[in-house]
Amino acid sequence: MKFGGTSVGGAAAIRQVVEVVRGQQSLRPVVVVSAHAGVTDALMVVAHEAAEGKADVEAVALRHRQILRGLQLDERLLDAELDELRDLARGVRLVGEATPKVIDAVLSYGERLSARVVAAALTANGVPATAVDAFAAGMLTDSSFGRARPLPDVGRMQQYLSTVTGVPVVTGFLGADKAGNITTLGRNGSDYSAALIGVAIEAEEIQIWKDVDGVHTADPRLVPEARPIPMMGFEDLANLASFGSKVLHPAAMVPAMQHGIRLRVRNTLSPDAAGTTIEASVNGGRPAIRAIAHRTAVALVSVRSHRMLPHHAFLANVFTKLHEMECDVGPVAVGEAAVTVAIDDAFAERAVASLASEGDVQVASERAVVGVIGDASVLENGGIADVLAELTKAGVSVRCAGLGALGSTVAFAVHADRLTETVRLLHSRFF
Ligand code: ASP
Ligand code: MG
């Protein structure tokens, strides 16, 4: 049972978590928690400011004391950890540099503190629990600080967790490399932690508890009528993630999928709602179009070849350059002597500079990508025309439009100004 930052965001939310865990106590859950909402960002600021000579941990300390007070727990419960954090921040200030390794150590306090708070809240309310630091419990990773990759588990975590008294409350987001340095799995990595732990303990189900009623047919902030999708396949979820859906950390579903463990996205605020169940094999009953996803802050970068190279070499060079920047692309349109890629806006400037050697480069920024996710058999057989016809009717112009590689998505880029209208239009057409 993984609870995200908002689900453990304050005393009231944590009380809710206690009830949700109590309700499933007989299933012997392992709980995984994020830092309280906003704490990871605050710690990031602490680390950077410390490097510039100002080491102030008091706002973070105050926030935790307030939560403890709200839960009627001992306000000194976290004093030892907060003192360590102060020492660490002082160390960063003295050295004057926050390396990725040190930043991970600073960030780790977010989850370490929240795991202790949640374990104490559970215990105080009759659900015995113990806080567990993932890096001590065998969550081994490589040494890529800031985005560490997990190493194979081979039974360590299950063995460790089986010795814990009561419900283990494990820190999400954290691991340790072989030398024992604390690592983090990348922002929003707690879902990934939950999936890795779920696989390690051979869980029957991995529950991701959030503050929304599951995965929606579109982003409810754009489309008020969007509704939760009761059942989806791993492939649908992977498609959603490829369009930037933040419902689940993209890496999180992979271990669950590989081991055939059911994933459920549920809402701490309405714990009786079914949420969304994601399984390997979903039997019928699903609409042909499953969701409308979108991604903002997109730039379209077009490179027109100088034609001094064969086409394949031109494409290889363009994608190698993007790879060197670790820049994800999609959708992509390939022409006879040109290629257009949709990329994250943040990469646009560097992409232009680095692709200039390959041809004439043009950028269109303030774009967004929309993806319609559904059955390949439907989209490949006229479904794509239905999508595009809606846009034609509304006079929305598109670029990089087409079927995705597996036929189960239709994607295109629109001007950011027309995004909301476009998503609403498609949502009302297909749902
Ligand atoms: N606390 C971490 C973050 O904010 C990990 C997570 O929330 O999943 O990125
Ligand atoms: Mg968080």
Side-chain angles (χ1 to χ4, degrees), residues 1-10 13-14 16-17 30-48 57 59-61 63-64 67 78 81-82 85 88 98 100-119 131-135 137 139 141 144-150 168-176 182-199 206-212 215 237 241 244-256 263-269 344 346:
M1 304 177 78
K2 181 265 177 175
F3 297 92
T6 321
S7 297
V8 297
I14 294 169
Q16 196 60 37
V17 167
V30 169
V31 169
V32 177
V33 292
S34 292
H36 308 298
V39 168
T40 306
D41 289 331
L43 288 169
M44 191 68 96
V45 172
V46 166
H48 287 294
V57 174
V60 169
R63 171 84 189 281
H64 286 87
I67 293 174
L78 303 170
E81 285 76 19
L82 289 168
L85 176 59
L88 184 58
K101 179 170 159 181
V102 166
I103 290 174
D104 276 4
V106 172
L107 296 188
S108 76
Y109 283 89
E111 272 69 14
R112 292 158 80 171
L113 294 165
S114 79
R116 280 157 180 78
V117 171
V118 171
V132 174
D133 292 324
F135 51 84
M139 178 69 82
T141 71
S144 326
F145 299 103
R147 52 189 297 179
R149 272 161 285 245
V169 181
V170 188
T171 57
F173 186 47
L174 310 180
I182 292 176
T183 55
T184 64
L185 302 177
R187 292 306 304 269
N188 302 313
S190 294
D191 289 348
Y192 193 18
S193 304
L196 293 167
I197 292 167
V199 168
I206 297 167
Q207 300 176 354
I208 307 288
W209 290 82
K210 304 176 67 83
D211 57 348
V212 291
V215 184
L237 191 66
S245 156
K246 299 251 163 38
V247 165
L248 269 187
H249 187 286
M253 73 195 86
V254 176
L263 270 174
R264 288 182 71 189
V265 180
R266 301 188 60 180
N267 189 352
T268 325
L269 303 175
D344 182 337

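Order of appearance sets the numbers: ligands from 1, and atoms from 1 within every ligand.
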Exercise for review: List every atom of ligand 1 that sits less than 4.0 Å from any heavy atom of S34, numbering the atoms from 1 in the order shown and giving each element.
Suggested key: 6 (C), 7 (O), 8 (O)
Check your understanding: Would you say the side-chain atoms of D104 and T183 include a donor-acceptor pair closer than 3.5 Å?
Key -> no
Check your understanding: Considering all heavy atoms of both residues, which atom of A42 and which atom of V60 are nearest to each other, and what is their separation?
Key -> CB-CG2, 4.0 Å
Practice item. Report, in ascending order of atom number, the atoms of ligand 1 lying under 4.0 Å from any heavy atom of R187. Key: 3 (C), 4 (O), 9 (O)
Exercise for review: Give the atoms of ligand 1, by number and element, whose distance to some non-hydrogen atom of T40 is under 4.0 Å.
Suggested key: 1 (N), 2 (C), 3 (C), 4 (O)
Check your understanding: Do the side chains of V33 and K2 get nearer than 4.5 Å, heavy atoms only?
Key -> no
Point to revise | CZ (R147) with more than 12 external heavy atoms under 6.0 Å | key: no
Exercise for review: Using distance alone, decide if ligand 1 has a nitrogen or oxygen within less than 3.5 Å of any nitrogen or oxygen in S190.
Suggested key: yes
Review point. So, does G189 sit close enough to ligand 1 that a heavy atom of it is under 4.0 Å from the ligand?
Key: yes
Revision key, fill the gap. Counting from 1 in the order shown, the ligand 1 atoms closer than 4.0 Å to a non-hydrogen atom of E111 are 1 (N), 2 (C), 5 (C)
Review point. Do ligand 1 and K2 have nitrogen or oxygen atoms that lie under 3.5 Å from each other?
Key: no
Review point. Do M139 and D133 have side-chain heavy atoms sitting under 4.5 Å apart?
Key: no
